[in-house]
Number of protein chains: 2
Amino acid sequence: MVTIYDVAERAAVSPATVSRVLNGKSVKAELAARVLEAADTLAYVPNRTARTLRRRHSEVIALIIPDVENPLFTALARGVEDVAREAGYSLVLCNSDDDLAKEREYLDIAISGDMAGVIIVPAAGESNVDLLLAKGRAVVAVDRPVAHGNVDTVVFDNARAGHDATTVLWEAGYRRIACITGPNDVRPAVDRAMGWQAAMLGFDSTFPAVTYLRHGDFRTRGGQEMMLDLLQMDEPPDAVVAANNLIGVGAINAMAQAGTLPPTTGIAVVGGLPYALPFGHPIPVVHLPTRHIGMSAARILLDRLSGSQSPVSTVVLRGELTPPTPA
Amino acid sequence: MVTIYDVAERAAVSPATVSRVLNGKSVKAELAARVLEAADTLAYVPNRTARTLRRRHSEVIALIIPDVENPLFTALARGVEDVAREAGYSLVLCNSDDDLAKEREYLDIAISGDMAGVIIVPAAGESNVDLLLAKGRAVVAVDRPVAHGNVDTVVFDNARAGHDATTVLWEAGYRRIACITGPNDVRPAVDRAMGWQAAMLGFDSTFPAVTYLRHGDFRTRGGQEMMLDLLQMDEPPDAVVAANNLIGVGAINAMAQAGTLPPTTGIAVVGGLPYALPFGHPIPVVHLPTRHIGMSAARILLDRLSGSQSPVSTVVLRGELTPPTPA
DNA sequence: GAGTATACAGAAATCGATTGCTGACACAAG
DNA sequence: CTTGTGTCAGCAATCGATTTCTGTATACTC
């Protein structure tokens, strides 16, 4: 292992000088040249662990997400990564599986690994980032608020998204519009359903909303099962709002199984479908600015890291109902 | 920041003893109890940075993949994660964008961050892990071999997968079967195309293979463009082998646009389609054991980490042609 | 030309945990 | 009673880079 001492020796200067050269502090040009040459010929790579120990924080930020296999979160990760890299930070992706224990483990790693900051999509339930805050680390919540801890937050306008998705179906002539959403301890799932419910009651105050609401698991499987369930009702819905992309896919699968693909049964989806679904009928989608939400969170975090003391803020990003262009 | 010294003081022992207790070395029961109690009341969290500096390696392994948004790689990541966590390691996901410069950056981070080992899907081109090997770090290549460096490797049997996909189409009666694959500096892309070519020439030695081969970018966009291109030929193919999941999605989109969805134009896909495509006709898929490939790579890495000196090996996993059950 | 300000390099302390070595003590064997 | 063997806790060195402090050489002011 070649260390800063080896470089110092070869360049005939002190380790302190090598450090200064490598960190852009002022050093006489001639010495700097010697140092750089020595570092080069020795193929010196500074040890980040030692640097982190001394500086008491690394250049790594942790991004904790509930599911790496969900395109929403990977898109978010891209957004974070792009901004973070730009600023010289690298990103560690941690997969919590929406499990508080795993999440806690990763939070501990973030603390004990001296990570610069944490961007977290809190797991369902009582996420707690107090320990992190107590240590003075920067934390930003994304997509969902944290249950405990007062931190900057970036979320979608979920109620509105649910409302918009419902409205477009209503305007297309559907009248008995159901809603399949995620678990009821996951905030965006609840909010989107609220948006749907508000919209339906606005159109028809006698609509039996609870009857047509289903909680799945925010995954394809759940969407499919709940849709089949809805279709078996005595008075099945004539359309459905899928509260996320995977539910949308599942619901469409179910419709295919039951032979009631759109436009027979209508569907609108909150969140971009991961891949265009190639069959005749266009599907209205409320596109959520997933990449943006990541970029926004990263910017806020970077701001905190550079010492900003501005009061804790919540940013709400609005989705956009798109004419369904594929891909 | 509460350190091991604080704990030591409170428990009236030396820091060394605290360390030994926390690491399960033999210490008299009474002292151990005092230490644990002190650690508990002080809410002591050991600093991994310091430990890593001293031990000269961390409990983190890096997984470098070309595209976090590709389900193949996220599934692989799950496989790696499951095995790694089991063994007490945590995973850092790094996104190389198939870009050698970004890849090199992450490799440097792996070195300078004292990471225990690296599992890498090498970027297109001349990936080089020599530096890592020179430092004695464990490295495993997945999905593609590394251009430089002699390391354990886990790959799919890509040629066979291409061959199988082609065969199933031939047997279904298609005769002019094209192939859309990835960039020609990406090994699996080439191998799958080779499998297709071998199969076609086996069936019909006069088949003008080069005419019906297209290189896209292994993404939806590329698949779509190449498919449209194929469909515009004077003598368009009557079927196509899509060399990966995203190309498959793109190709199907293109078919939808052109109004020649299966079975009019046949298609077989190598690699599971990320989300079931709900329209009447079943699509044959050569399922690749993506999760397995990750688990296998992780096991090999862990083996090396625990000191195994067995000769460098290559593991080849076979895909399986499935009757196309959705989801 | 004397005195002060400035720039810059080196020595050494520091970050927090681990670990080789040493010494203290207990007990068994001779 | 002495020597030998083993257990276990503490001291201090160590990992590699950063940074404070200090000293020296040079430039600048009047």
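Chain letters run A, B, ... following the sequence lines, proteins first, then strands; residues in each count from 1. All of these numbers come straight from a predicted model, not from anything done at the bench.
- Atom CZ of Arg219(A) sits in a sparse spot, with 12 or fewer heavy atoms from other residues, nucleotides or ligands closer than 6.0 Å.
- If you take CZ of Arg51(A) and C1' of dG16(C), they are 18 Å apart, rounded to a whole angstrom.
- Taking atom NE2 on His57(B) and atom C1' on dA17(C), their separation rounds to 14 Å, with Å as the unit.
- Residue-level contact check: Arg20(A) touches the bases, meaning some heavy atom is under 4.0 Å from a base atom.
- Residues Asp114(A) and Thr49(B) have side chains that bring a donor and an acceptor to within less than 3.5 angstrom of each other.
- Look at Tyr5(B) and you won't find any side-chain N or O under 4.0 angstrom from OP1 or OP2 of dT14(C).
- Residue Thr3(A) is classed as a sugar-phosphate contact, given heavy-atom separations below 4.0 Å to backbone atoms only.
- Thr49(B) comes within contact range of no nucleotide atom at all, as no heavy-atom separation falls under 4.0 Å.
- Between the NZ atom of Lys28(A) and the C1' atom of dA27(D) there is a distance of 14 Å, rounded to whole Å.
- Straight-line distance from the CZ atom of Arg55(B) to the C1' atom of dG20(C): 15 Å, rounded to whole Å.
- Distance, Ile111(A) CD1 to dA17(C) P: 14 Å, rounded to whole Å.
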Q: Go through Arg104(B) and Asp108(B) one step at a time and tell me if the salt bridge (Lys or Arg N to Asp or Glu O under 4.0 Å) criterion holds.
A: CA-CA 6 Å; Arg104(B) 160 138 309 286; Asp108(B) 278 348; 3.8 Å; yes
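- Phosphate contact (OP1/OP2 of dG16(D), side-chain N/O of Arg56(B), threshold under 4.0 Å): present.
- When the C1' atom of dG20(C) is taken as reference, atom NZ of Lys25(B) falls 11 Å away, rounded to whole Å.
- Using a 4.0 Å heavy-atom cutoff across all strands shown, Leu31(B) reaches sugar-phosphate atoms only and no base atom.
- For Arg54(A) against dT14(C), a side-chain N or O and a base N or O form a donor-acceptor pair under 3.5 Å.
- Residue Met1(A) contributes atom CE, which lies 12 Å from atom C1' of dA17(D) at whole-angstrom precision.
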(Q) Using the rule given for salt bridge (Lys or Arg N to Asp or Glu O under 4.0 Å), can you reason through Asp97(B) versus Arg78(A), listing the C-alpha separation, both sets of side-chain angles and the distance that settles it, and then say yes or no? (A) CA-CA 10 Å; Asp97(B) 266 333; Arg78(A) 290 306 298 251; 3.2 Å; yes
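- Between Thr17(B) and Leu53(B), it is Thr17(B) whose nearest contact on DNA chain D lies nearer the 5' terminus.
- Summary of the strand contacts: Ala50(B) and Val13(B) both lie near DNA chain D, and taking for each the nucleotide with the nearest heavy atom, the more 5' one is attributed to Val13(B).
- Remark: the backbone N or O of Cys94(B) is not paired with any side-chain donor or acceptor of Ser96(B) at under 3.5 angstrom.
- As a whole-Å value, the separation of Asn47(B) CG from dT18(C) P is 9 Å.
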